[in-house]
Protein chains: 2
Amino acid sequence: MYNSKYREISDFFNALSHPVRVEIVAELLNGQKCVSDMRELIKVNQPNVSQHLSVLKSAGVVDWEQTGKRKCYFLKNPARLRKILNSMKEKKNVSGG
Amino acid sequence: MYNSKYREISDFFNALSHPVRVEIVAELLNGQKCVSDMRELIKVNQPNVSQHLSVLKSAGVVDWEQTGKRKCYFLKNPARLRKILNSMKEKKNVSGG
DNA sequence: TAATTATATTATAATATTAGAATGTTTGCA
DNA sequence: TGCAAACATTCTAATATTATAATATAATTA
């Protein structure tokens, strides 16, 4: 329906359009974390964490690996995300238009 | 309800979470445009263009000035937006996680 | 193999977003 | 003043997102 170039870009932004998902990404910038780690760090219940992780996974922002009973999530491209988030806080006005 | 730091960031990403709004921003990177310019460049009807511009305005991404009968919209911080968009297309995989 | 731990999925209700139609407002000009 | 152009707002129906509760699955351990 829409130009796929802009659709791809908006899909990525959409993945980060919820505060919980931004917080998840911020935590993952410090290293990989499993779901129960997230559940403690962020004040959100377990199914909701899974839902948000699923959105991030679909958008290609994160991936995971199994470690025993746990699933460890990590950023697929931490360098670029760090860059994008840094370029947003360069000034006080985060809106960045 | 959520940490305001992450809320601010997600609000910005949310502003760019629709393909039409990304396209609007892409066009505005080439200079300011009025609503009827947009309406021609993008295949979207007038009220819908106004709605999307309103979302971008609320998020602080764009502002406008009156020029006769027209309203000319422009990016409030084109440099930063250019930077963010550039850092997204550095690799083929736009997801950038 | 049964129980437990860790995580995912499904269902549901509430809310938000979106496109498009209809209507309203503002500006400039005849 | 009356009209047309440019843009915004409101309304509505369709769809999407979200949080929570309930349930299911997968891996480990007793």
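For clarity, every value in this text was computed on a predicted model and none was experimentally measured. A note on names: the letters A, B, ... follow the listed sequences, proteins ahead of strands, and every chain is numbered from 1.
With dA22(D), dC7(D), dA19(D) as the choices, the nucleotide that has an atom nearest any side-chain atom of C34(B) turns out to be dC7(D). Of the candidate nucleotides dA8(D), dT18(C), dT18(D), dT18(C) has the atom lying nearest to any side-chain atom of H18(B). You'll find that the side chain of P47(A) is closest to dA8(C), out of dA22(C), dA19(C), dA8(C).
Between I42(B) atom CD1 and dC7(D) atom P there is a gap of 13 Å when expressed in whole angstrom units. Summarising the geometry, the separation between CD on Q46(B) and C1' on dT10(D) is reported as 13 Å, rounded to the nearest angstrom. If you measure from atom CG of N45(A) to atom P of dA21(D), you get 7 Å, rounded to the nearest angstrom. One atom, CZ of F13(A), and another, P of dT17(C), lie 18 Å apart when rounded to the nearest Å. Taking atom CG of L56(B) as the reference point, atom P of dC7(D) lies 16 Å away to the nearest angstrom. Rounded to whole Å, atom P of dT9(D) lies 14 Å from atom CG of N48(B). If you take CG of D11(A) and C1' of dA16(D), they are 13 Å apart, rounded to a whole angstrom. Note: CZ (R70(A)) to P (dT7(C)) measures 6 Å, nearest angstrom.
Between the CG atom in N86(A) and the NZ atom in K83(B) there is a gap of 9.0 Å [rounded to 0.5 Å]. Between the CG atom of N14(A) and the CZ atom of R7(A) there is a distance of 9.0 Å, given to the nearest 0.5 Å. The line from CG of L81(A) to CE of M88(B) is 9.0 Å long, rounded to the nearest 0.5 Å.
A close approach under 4.0 Å does occur between a side-chain nitrogen or oxygen of K71(A) and OP1 or OP2 of dA8(C). Within the 4.0 Å cut-off from OP1 or OP2 of dT7(C), at least one side-chain nitrogen or oxygen of S36(A) is found. The side chain of Y73(A) contributes an N or O atom lying less than 4.0 Å from OP1 or OP2 of dA8(C). R21(A) has a side-chain polar atom (N or O) that falls below the 4.0 Å cut-off from OP1 or OP2 of dT18(D). Contact between the side-chain N/O atoms of Y2(A) and the OP1/OP2 oxygens of dA19(C) is found at a separation under 4.0 Å. Within the 4.0 Å cut-off from OP1 or OP2 of dT17(C), not a single side-chain nitrogen or oxygen of H52(B) is found.
Remark: the backbone N or O of V49(B) is not paired with any side-chain donor or acceptor of R39(B) at under 3.5 angstrom. Put simply, the side chain of R21(B) never gets that close to the backbone of H52(B): no donor and acceptor are under 3.5 Å apart.
The aromatic rings of W64(A) and Y73(A) are tilted relative to each other, their planes meeting at an angle between 30° and 60°.
Within 4.0 Å (heavy atoms only), R39(A) reaches no atom of the nucleic acid at all. Residue contacts shown for K69(B) include a base, since a base heavy atom lies under 4.0 Å away.
Put simply, the side chain of Q66(A) and the base of dA26(D) share no donor and acceptor less than 3.5 Å apart. No donor-acceptor contact under 3.5 Å links the side chain of Q51(B) to the base of dA8(D).
Judged by closest nucleotide on DNA chain D, S17(A) is the one of G68(A) and S17(A) placed further toward the 5' end.
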